[in-house]
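To keep things clear, I will list the structure first and then write my remarks on it.
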Amino acid sequence: ENNKLLKTTGTIQDITESHLAKMELEKSENRLKEAQEVAHIGSFDYDLMNDMVVWSDELYRIYGLEKEKYNPTNNGFFNLVHPGDSARIRKKIEESITNQTLLEYDHRLIRSDNFEVRIMHCRAKITYDEKDNAVKIAGTSQDVTKIRKAEMEVKNSREQLRKLAS
């Protein structure tokens, strides 16, 4: 009557456990991001049924793209791949899906920010539904440019040594 509070009711819920779980999840996500950055490895998930692709932050960095400006798609990925590698990659994906094997290949990418050519190594697992239809491809892509260049230098040095020894 006089706008006086006569009674209040409420509940109290202990959210300590869920708060701690959330903090642990955030720590784990940060460790994963740091590890990917140090190793130059990005990760991706491709939902084949809905044609939806999700990239890790490091994959955007490797490809020289901004997360806010680029929405990864399957077709968009092939626009970033060196034209000389596209057909081989498509064939490799189809073979891995058909044979239900691990997907693994190297490809060249052309960075969109500076047009630098990088060499990527991709490894992915394909998930199938109960009817053996491929439904998801999840994996990693690592920038192996320095490694492949070093391998080529070693190979060239060995060839030169063989020629000198002959």
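The analysis underlying the following values was restricted to heavy atoms, covering all of them including side chains, and did not include hydrogens, waters or symmetry mates.
- Using modelled atom types, no side-chain atom of Ser141 and backbone atom of His121 make a donor-acceptor pair closer than 3.5 Å.
- One distance of note links CG of Leu109 with CG of Asn79; it measures 12.5 Å at 0.5 Å rounding.
- Both Tyr105 and Tyr63 sit in one connected hydrophobic cluster of ILVMFWY residues. Membership requires side-chain heavy atoms under 4.5 Å apart, directly or through other members.
- To the nearest 0.5 Å, the span separating CD on Glu104 from NZ on Lys92 amounts to 7.5 Å.
- Between Arg111 and Asp113 a salt bridge is recorded (basic side-chain N to carboxylate O distance below 4.0 Å).
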task: Determine, stepwise, if the pair Tyr46 / Val54 fulfils side-chain contact (heavy atoms from CB on, under 4.5 Å).
output: CA-CA 7 Å; Tyr46 177 28; Val54 177; over 6 Å; no
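- To the nearest 0.5 Å, the span separating CD1 on Ile137 from OG1 on Thr127 amounts to 9.0 Å.
- In this structure, Gly42 and Ile62 approach most closely via the heavy-atom pair N-CD1, 3.9 Å.
- In this structure, the side chain of Asn50 does not engage the main chain of Met52 through any donor-acceptor pair within 3.5 Å.
- Atom-to-atom distance recorded for Arg88:CZ and Ile93:CD1 is 10.5 Å, nearest 0.5 angstrom.
- Linking Ile, Leu, Val, Met, Phe, Trp and Tyr residues whenever their side-chain heavy atoms come within less than 4.5 Å leaves Tyr128 and Leu102 in two separate clusters.
- Here the OG1 atom belonging to Thr98 is positioned 9.0 Å from the CD1 atom belonging to Ile126, to the nearest 0.5 angstrom.
- Within the 4.5 Å cutoff, the side chain of Asp45 has heavy atoms near those of the Lys136 side chain.
- With hydrophobic clusters built from ILVMFWY side chains whose heavy atoms lie under 4.5 angstrom apart, Tyr70 does not share a cluster with Ile110.
- Counting only distance, with no hydrogens or angles, the side chain of Asp85 and the backbone of Arg108 share a donor-acceptor pair below 3.5 Å.
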Verdict with supporting geometry, Asn74 and Asp51, side-chain contact (heavy atoms from CB on, under 4.5 Å): CA-CA 7 Å; Asn74 187 46; Asp51 197 27; 3.9 Å; yes
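- Arg61 and Glu58 are joined by a salt bridge, as a carboxylate oxygen and a charged side-chain nitrogen come within less than 4.0 angstrom of each other.
- Taking CG of Asp143 as the start and CD1 of Ile119 as the end, the distance is 8.5 Å to the nearest 0.5 Å.
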- request: Determine, step by step, whether Tyr60 and Trp55 satisfy the ring-ring contact (aromatic ring centres under 6.0 Å, His included) criterion, reporting the C-alpha distance in whole Å, the side-chain angles of both residues, the deciding distance to 0.1 Å, and the verdict.
  value: CA-CA 7 Å; Tyr60 283 97; Trp55 282 6; 5.2 Å; yes
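- Closest heavy-atom contact between Ser43 and Leu59: O-CD2, 3.6 Å.
- Between His107 and Phe77, the angle of the ring planes goes over 60°, which puts this pair in the perpendicular group of the 30/60° scheme.
- Here the side chain of Asn99 pairs no donor or acceptor atom with the backbone of Thr101 at under 3.5 angstrom.
- Ionic pairing of Glu151 and Lys149 is not present here: no N-O contact between side-chain nitrogen and carboxylate oxygen is shorter than 4.0 angstrom.
- One hydrophobic cluster holds both Val117 and Phe115 under the rule that ILVMFWY side chains link at heavy-atom gaps under 4.5 Å.
- Hydrophobic clustering of Ile, Leu, Val, Met, Phe, Trp and Tyr side chains at less than 4.5 Å, counting indirect connections, keeps Val144 apart from Phe44.
- Side chain of Asp129 to main chain of Asn133: a donor-acceptor pair is present (N/O by atom type, distance under 3.5 Å, no hydrogens or angles).
- One N or O on the side chain of Ser166 and one on the backbone of Arg162 form a donor-acceptor pair closer than 3.5 Å.
- The side-chain heavy atoms of Leu103 and Lys125, taken from C-beta on, include no pair separated by under 4.5 Å.
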